[in-house]
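Report on one structure; see the data block that follows.
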Amino acid sequence: KKLLQGTAVAGALAISATAVQAADMTFRGASLFDNEHAYSKTLIRFGELVNEYSGKDIEFDLRGNSELGIEPDYINFLNQGVAIDYAIAAPSNLARFAPSVPLMDMPFVFRDLDHWNAVLSSGVLKPLEDVILERADIKVIGYAGGGTRNLISNKQISNMEELAGHKMRVMGAPIQARVFEALTAAPSAIAYSEVYNAIQTGVVDGLENESASLLQYKFFEVAPHVTLTQHSITVRPILFSGKSFAKLSPEMQEVVLRAGKEAGEYGRELESRQDGEKLKQMEAAKQIQVHPFAERAKLLDLVIPVQDSYAKELGAEDLLQAIREK
Ligand code: MAV
């Protein structure tokens, strides 16, 4: 772990008057994607803002392209305070610490982008941030996301009949499987890094994901049909290890929180704007065929009772209500 190592380097170099630019310390981050993806851009912006607001020269060592694994690994690292200091991950990856966290962006919780924006610019998710800190020792410093998730499959799906029994990969949180079971599909939880192969070998016939990830991981090569279920708009917390955070001075903690919040705003604007563009780009390049879903209202009818009973089991009815009312 290099968090404090840079200080010694800076100390050694400070003997030269021209060495004041030497790195004060190093923070390491992880991303599933290359530097063109909104998550990586958000994390890069975060580093730039930290340096701008602190007046320091901290090295931000961002390891992209899944070099350090996938999001569940990042959660383990952040929780243990090893390998990395910051990352972006889907709330579903935090379910094993706190089953209420995936409620943040569970399918069909947002009516539209305005609703999603209203929720993210309010403090309504604060109880979930508290539970993440308490149970996982991970600090939420901002929110990225803004991709709209659709079904991606190796066959056309345009109505309830075609959706029935559809074998699809979902994220590991139990609420994800419950929602898609309620929609009569046949979901299974598979690690993100295995999904392409799982489709290619016929283990599943598709997944659900947003445009930027579909483009970057080229799922269309094995699953070229996109069905506009528009079932989720992603919320992607920017996470900082509680153990790394505790080592910072109060001033640096303030800087990290401010930079995280602003980087998140930048990332959300970017990803939500690019989402539709990327879908059109893949369609124009004949990489995907886009299908409307004839009975979207029916999906909502099937899912609302699942959301309700999930929130009830967790004692999170007030939170769900507060999100819905935004
Ligand atoms: C997309 O790549 C992102 O939303 C990422 O945050 C998720 O973890 C991933 O999908 C997934 O479905 O696991």
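Computed from a prediction, not measured in an experiment: that's the story for all the values here. The residues of the chain are indexed from 1 along the displayed sequence. Just follow the structure's listing: the first ligand is 1, and inside any ligand the first atom is 1.
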Worksheet item: If you group Ile, Leu, Val, Met, Phe, Trp and Tyr by side-chain heavy-atom gaps below 4.5 Å, do Leu103 and Val124 land in one group?
Response: yes

Worksheet item: Between Phe97 and Arg135, is there a cation-pi geometry (under 6.0 Å to ring centre, at most 45° from the normal)?
Response: no

Discussion item. If you take the nearest heavy atom of each of His37, Gln216, Arg169, Glu210, which one is closest to atom 12 (O) of ligand 1?
Written reply: Arg169

Item to complete: Check whether the ring centres of Tyr196 and Tyr217 lie less than 6.0 Å apart, and answer yes or no.
Response: no

Worksheet entry | Proximal atoms of ligand 1 relative to Ser213 (non-hydrogen, under 4.0 Å) | 1 (C), 2 (O), 3 (C)

Fill in: Contact atoms of ligand 1, heavy-atom distance to Met171 under 4.0 Å
11 (C), 12 (O), 13 (O)

Ignoring hydrogens and geometry beyond distance, is a side-chain donor-acceptor pair present between [X] and [Y] at under 3.5 Å?
{"X": "Ser213", "Y": "Gln216", "answer": "no"}
{"X": "Asp34", "Y": "Asn65", "answer": "no"}
{"X": "Glu262", "Y": "Tyr53", "answer": "yes"}

Give the contacting part of [X] toward ligand 1: side chain, backbone, both or neither, where contact means a heavy-atom distance below 4.0 Å.
{"X": "Leu207", "answer": "neither"}
{"X": "Phe33", "answer": "side chain"}
{"X": "Tyr39", "answer": "side chain"}

Response to the item:
min-distance protein heavy atom vs atom 9 (C) of ligand 1 -> Tyr192 CE1, 3.6 Å

Worksheet item: Among all protein non-hydrogen atoms, which one is nearest to atom 7 (C) of ligand 1, and what is the separation to 0.1 Å?
Response: Glu71 OE1, 3.6 Å

Practice prompt. Using a strict 4.0 Å threshold on nitrogen-to-oxygen distance, state whether Arg236 and Asp105 make a salt bridge.
Written response: yes

Worksheet item: Quick check: does Thr234 get an N/O under 3.5 Å from an N/O on ligand 1?
Response: no

Worksheet item: Can an N or O of Arg236 be found at a distance shorter than 3.5 Å from an N or O of ligand 1?
Response: yes

